[in-house]
Visitor: 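Structure provided below as structure tokens; questions to follow.
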Amino acid sequence: MNARLQNRDRAALYEAMSPFNLTPLWEVLHALVPREPNSPCVPAHWTYDQVRPFLMRAGEAITAEDAVRRVLILENPALRGQSAITQSLYAGLQLILPGEVAPSHRHTQSALRFVVEGSGAFTAVNGERTTMYPGDFIITPSWTWHDHGSEATGPVVWLDGLDIPMLRFFDAGFAENGTAAQQQVTKPEGHSFARYGANMLPLRYDAPNGATSPIFSYPYSRSREALEKLSRDQAIDEFDGVKLRYVNPATGGSPMPTIATFLQLLPRGFSGKPYRQTDGAVFSVVEGSGVATVSRGEQTWTFNVSPRDQFVVPSWYSLSLSANEDCVLFSFSDRPVQQAMGVWREERSM
Ligand code: 1HN
């Protein structure tokens, strides 16, 4: 049979089977099982100078109470309309103004907060409030009641990271509103940190948040101090500078089952080598300025980053980081899920 006839026969076959919801694998196999990751996401950078005026305008346009959560979503430019910064993760910048309340609710999506600007807002989880300070990493475990408030004198802004696209993928999302705007405070501030955060655990550990860390807040001061000391005491990693991962102290695993979080220090003058990993990552710049160079094939993105900027590096795009002055970066990704599946990879050899 000649090729044209063969193609015509095949096209007729596909058309005949289509009404029965059948389609031939051999036409899509290469796309289903790519030789290597081929993310539809693109690298992107949100400078705080660009974003802040829109946040403040949002502050005039709607109250936290009316909005429920007053957030500007950081959408991947290649995934507009999907409320996603990568295929698996959601990110947004949330604003709360003095005296406001973001009402109590709970959902199966896990959330992290990374404080970007301002002090004196608080979040309440499981009857315990945590006051927010810049650089603090705070967790809202899956299915826990949470509300936010502010006793600050100015605006407070934090980065929200949630596993929303993952739960959407699994069709496993549940949500419920609280009966009161703010939950009852039943524990003094710092209770969980004393109970679980002093490199010690209660004798009969109760895993109050299931697979999620029992610590709600990982204060910046402590993490920063550790990085500072390590940057003086140990060899600087050629790719990462000094990078630590946050842990669930009861398991040694990631603080949330779906999201890993990291803090790293790039010492002044650091010029990192390029590496790539299968977990796309969202970065928040805490201190200092630097350059993030992201590339894939022939294409390169150069982000000159400053404090309070956010940027995203998709899966398997290579990243190299350099710093003009001591630079601190927070980041998060879906690595624990990939590791549970045994598929996480990295390449640090270039
Ligand atoms: C949410 O509950 C918060 O509690 C922030 O602050 C962002 C995005 C989608 C769905 C729920 C919060 C959210 C969210």
Side-chain angles (χ1 to χ4, degrees), residues 46 51 54-55 58-59 61-76 79-97 99-118 120-133 136-152 155-183 185 209 212-213 216-218 255-256 258-259 261 282 284 310 312 330 332 334:
W46 291 263
V51 175
F54 292 114
L55 271 170
I62 192 164
T63 64
E65 184 124 31
D66 283 348
V68 181
R69 297 295 184 264
R70 188 203 286 118
V71 180
L72 300 185
I73 303 174
L74 305 179
E75 284 199 317
N76 192 286
L79 303 177
R80 295 305 307 274
Q82 296 182 42
S83 304
I85 192 160
T86 67
Q87 294 246 82
S88 60
L89 295 168
Y90 160 103
L93 286 168
Q94 179 158 178
L95 167 68
I96 193 154
L97 293 169
E100 287 192 319
V101 172
S104 186
H105 69 189
R106 63 176 177 174
H107 39 72
T108 49
Q109 291 82 359
S110 295
L112 69 84
R113 329 280 169 196
F114 187 73
V115 185
V116 167
E117 176 186 345
F122 61 84
T123 184
V125 172
N126 282 344
E128 183 178 338
R129 282 185 179 178
T130 297
T131 305
M132 298 177 160
Y133 301 96
D136 288 357
F137 157 52
I138 292 163
I139 296 177
T140 307
S142 175
W143 205 238
T144 51
W145 295 106
H146 55 285
D147 52 79
H148 316 302
S150 179
E151 287 161 8
V156 176
V157 176
W158 63 81
L159 173 68
D160 284 317
L162 287 91
D163 53 12
I164 287 173
M166 271 188 254
L167 268 82
R168 187 160 61 196
F169 173 78
F170 289 120
D171 286 329
F174 292 86
E176 204 177 351
N177 285 325
T179 47
Q182 290 187 291
Q183 64 187 277
V185 175
N209 301 317
T212 301
S213 173
F216 301 122
S217 176
Y218 295 73
M256 287 170 287
T258 48
I259 304 178
T261 49
V282 179
S284 186
Q310 324 298 324
V312 60
F330 172 81
F332 67 95
D334 62 13

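For ligands, and for the atoms within them, numbers begin at 1 and follow the listed sequence. Scope of the values below: all heavy atoms of this structure, side chains included, with no hydrogens, waters or symmetry mates.
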Visitor: At a non-hydrogen distance cut-off of under 4.0 Å, which region of Thr140 contacts ligand 1 (side chain, backbone, both, or neither)?
Guide: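 Neither; nothing of Thr140 gets under 4.0 Å from ligand 1.
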Visitor: What I want to know is whether Tyr90 and ligand 1 share at least one N or O pair that is separated by under 3.5 angstrom.
Guide: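 No - when backbone and side-chain N and O of Tyr90 are compared with those of ligand 1, no distance drops under 3.5 Å.
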Visitor: To check you understand the geometry: which heavy-atom pair defines the closest contact between Leu112 and Thr261, and what is its length?
Guide: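 It is CD2-CG2, 3.7 Å.
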Visitor: Considering the heavy atoms of Asp160, write down every atom of ligand 1 situated less than 4.0 Å from one of them.
Guide: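 Listed by number with element, the hits are 5 (C), 7 (C).
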Visitor: Over all heavy atoms of both residues, which pair between Val116 and Leu159 is shortest? Give the atoms and the distance, please.
Guide: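 Nearest pair, atom of Val116 first, then Leu159: CG2-N, 3.8 Å.
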Visitor: Between Trp145 and Asp147, do the side chains contain a donor N or O and an acceptor N or O under 3.5 Å apart?
Guide: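 On atom types as modelled, these side chains do not qualify, holding no pair under 3.5 Å.
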Visitor: So, for Gln82 and Arg168, which heavy atoms are closest and what is the spacing to 0.1 Å?
Guide: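 Distance-wise, the nearest heavy atoms are O-NH2, 2.8 Å.
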Visitor: Output the list of atoms in ligand 1 that are nearer than 4.0 Å to some heavy atom of Arg113, sorted by atom number.
Guide: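 That gives atoms 3 (C), 4 (O), 5 (C), 6 (O), 12 (C) of ligand 1.
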Visitor: At less than 4.0 angstrom from any non-hydrogen atom of Ile164, what atoms of ligand 1 do you find?
Guide: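 Counting from 1, the qualifying ligand atoms are 8 (C), 9 (C), 10 (C).
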Visitor: Give the residue and atom name of whichever protein heavy atom lies nearest to atom 12 (C) of ligand 1, and the separation in Å to one decimal.
Guide: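 Result: Arg69 NE, 2.8 Å.
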Visitor: Provide the number and element of each atom of ligand 1 under 4.0 Å from a heavy atom of His107.
Guide: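 That gives atoms 1 (C), 2 (O), 11 (C) of ligand 1.
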Visitor: Would a line drawn from the ring center of Phe137 to the ring center of Phe114 be shorter than 6.0 Å?
Guide: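 Ring centres of Phe114 and Phe137 not closer than 6.0 Å.
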Visitor: Could you point out which residue of Thr144, Asn209, Thr140 forms a side chain to side chain donor-acceptor pair (under 3.5 Å) with Asn126?
Guide: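 It is Asn209, the one option of Thr144, Asn209, Thr140 that forms the side chain to side chain donor-acceptor pair (under 3.5 Å) with Asn126.
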Visitor: Which ligand 1 atoms, with their elements, are less than 4.0 angstrom from a heavy-atom of Gln94?
Guide: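 The list of qualifying atoms is 5 (C), 6 (O), 12 (C).
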Visitor: Just which atoms of ligand 1 are under 4.0 Å from any heavy atom in His148?
Guide: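 So the answer, numbered in order with elements, is 4 (O), 6 (O), 12 (C).
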Visitor: Verify whether one side chain among Ser284 and Gln310 offers a donor that lies under 3.5 Å from an acceptor in the other.
Guide: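 Yes, a side-chain donor-acceptor pair sits under 3.5 Å.
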Visitor: Please list, in number order, the atoms of ligand 1 under 4.0 Å from a heavy atom of His105.
Guide: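 It comes down to these atoms of ligand 1: 1 (C), 2 (O), 4 (O).
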Visitor: Relative to ligand 1, is Gln109 under 4.0 angstrom through side chain, backbone, both or neither, heavy atoms considered?
Guide: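 Neither part.
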Visitor: Are the side chain of Gln183 and the backbone N or O of Gly127 linked by a donor-acceptor pair below 3.5 Å?
Guide: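 Answer holds: yes.
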